[in-house]
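Single-structure report; data block below.
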Amino acid sequence: QVLLVESGGGLVQAGGSLRLSCVAFAHTFSSYTMGWFRQAPGKEREFVTAIVWSGDSTYYADSVKGRFTISRDNAKNTVYLQMNSLKPEDTAVYYCAARSLRAYSDDAREYNYWGQGTQVTVSS
């Protein structure tokens with residue numbers, strides 16, 4: 001079992017930055033692929049970014065490429081999402097997710113564990 005706890009959300013003006021953190025309570029955090037997804041009101045949950053177990057490979061949705069950066073610290077059981085140049089359309093609840101396989105996936109159905117979510121609101 002893996003417990004994921006996100007933090008770092010909040011209200012920011014367009015063009016600003018936020019850093020989300022996700023702490024995983026798991027014995028084998030380093031074996032999980034970690035991802036961030038988001039869900040805006042009235043919309044389906046969508047893939048944002050993912051990082052493989054080693055941190056060597058990262059993947060991004062086109063909508064955030066060049067603005068968001070995912071990273072992980074396996075010694076701290078933590079994955080981060082640095083969000084720069086935020087836009088109002090980035091407003092959503094952001095979820096951290098863990099996949100028990102080491103291969104990358106952008107499909108939410110392939111992630112086994114989810115955090116409770118943290119709200120990010122970008123004002124124009």
Taking only residues two or more places apart in sequence or in another chain, which ones pass side-chain contact (heavy atoms from CB on, under 4.5 Å) with [X]?
X      : value
Glu46  : Arg38
Ser71  : Tyr80
Ser100 : Tyr32, Asn112
Val93  : Tyr95, Gln119

Does any pair with a residue in residues 47-57 pass side chain to side chain donor-acceptor pair (under 3.5 Å), and if so which ones, sequence neighbours excluded?
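Non-adjacent pairs meeting side chain to side chain donor-acceptor pair (under 3.5 Å): Ser54-Asp56.
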Quick one: disulfide bond (SG atoms under 2.5 Å apart) pairs with a partner in residues 27-72, sequence neighbours left out?
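For residues 27-72, and leaving out neighbouring residues, there are no disulfide bond (SG atoms under 2.5 Å apart) pairs at all.
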With sequence neighbours left out, which residue pairs that include part of residues 28-86 fulfil the disulfide bond (SG atoms under 2.5 Å apart) condition?
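Every candidate disulfide bond (SG atoms under 2.5 Å apart) pair involving residues 28-86 fails, so no pair, neighbours aside, qualifies.
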Could you give the distance from [atom1] ([X]) to [atom2] ([Y]), rounded to the nearest 0.5 Å?
X      : Y      : atom1 : atom2 : value
Met83  : Tyr94  : CE    : OH    : 5.5 Å
Thr121 : Gln13  : OG1   : CD    : 13.0 Å
Glu6   : Cys96  : CD    : SG    : 5.5 Å
Leu4   : Gln116 : CG    : CD    : 9.0 Å
Leu20  : Thr118 : CG    : OG1   : 6.0 Å
Leu3   : Asn77  : CG    : CG    : 11.5 Å

Before accepting this row, confirm whether a basic side-chain N of the pair Lys87/Asp90 lies closer than 4.0 Å to the acidic partner's carboxylate O.
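Looking at Asp90 together with Lys87, the answer is no, because their closest N to O distance does not fall below 4.0 Å.
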Test ring pair (Phe, Tyr, Trp, His ring centres under 6.0 Å) applied to Phe37 - qualifying residues, sequence neighbours left out:
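Expected list: Phe47, Tyr111, Trp114.
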Applying ring pair (Phe, Tyr, Trp, His ring centres under 6.0 Å), can you list everything that pairs with Tyr59, at least two apart in sequence or on another chain?
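For Tyr59 the ring pair (Phe, Tyr, Trp, His ring centres under 6.0 Å) partners, ignoring immediate neighbours, are Tyr104.
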Verify the distance criterion only: is there a donor paired with an acceptor across the side chains of Glu110 and Ser105 at less than 3.5 Å?
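There is such a pair between these side chains.
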Is there a donor-acceptor contact under 3.5 Å from the side chain of [X] to the main chain of [Y]?
X     : Y     : result
Gln82 : Thr69 : no
Thr33 : Arg99 : no
Ser85 : Gly15 : no

Please enumerate all residues that pass side chain to side chain donor-acceptor pair (under 3.5 Å) together with Ser17, with sequence neighbours excluded.
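Per chain and number, Ser17 pairs via side chain to side chain donor-acceptor pair (under 3.5 Å) with Asn84.
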Holding to side chain to side chain donor-acceptor pair (under 3.5 Å), I want the full list of residues that pass it with Arg19, two or more places apart in sequence or in another chain.
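None.
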Testing the basics here: between [X] and [Y], what is the closest heavy-atom pair and its distance to 0.1 Å?
X      : Y      : value
Ser31  : Arg102 : O-CG, 3.4 Å
Val79  : Ile51  : CG2-CG2, 4.1 Å
Ser124 : Ala14  : CA-CB, 4.3 Å

Is there a path of hydrophobic side-chain contacts, each under 4.5 Å between heavy atoms of I/L/V/M/F/W/Y residues, joining Val64 to Val52?
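In one cluster with Val52: Val64, no.
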Within a 6.0 Å radius of atom NZ on Lys43, are there more than 12 heavy atoms belonging to other residues, nucleotides or ligands?
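Not buried by this count: 12 neighbours or fewer within 6.0 Å.
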Check residues 21-30 and write down every donor-acceptor pair under 3.5 Å in which the side-chain atom is one partner and the other belongs to a residue at least two apart or another chain.
none

Would Val48 and Tyr60 count as a side chain to side chain contact (heavy atoms under 4.5 Å, CB included) here? Give the steps.
CA-CA 6 Å; Val48 177; Tyr60 297 92; over 6 Å; no
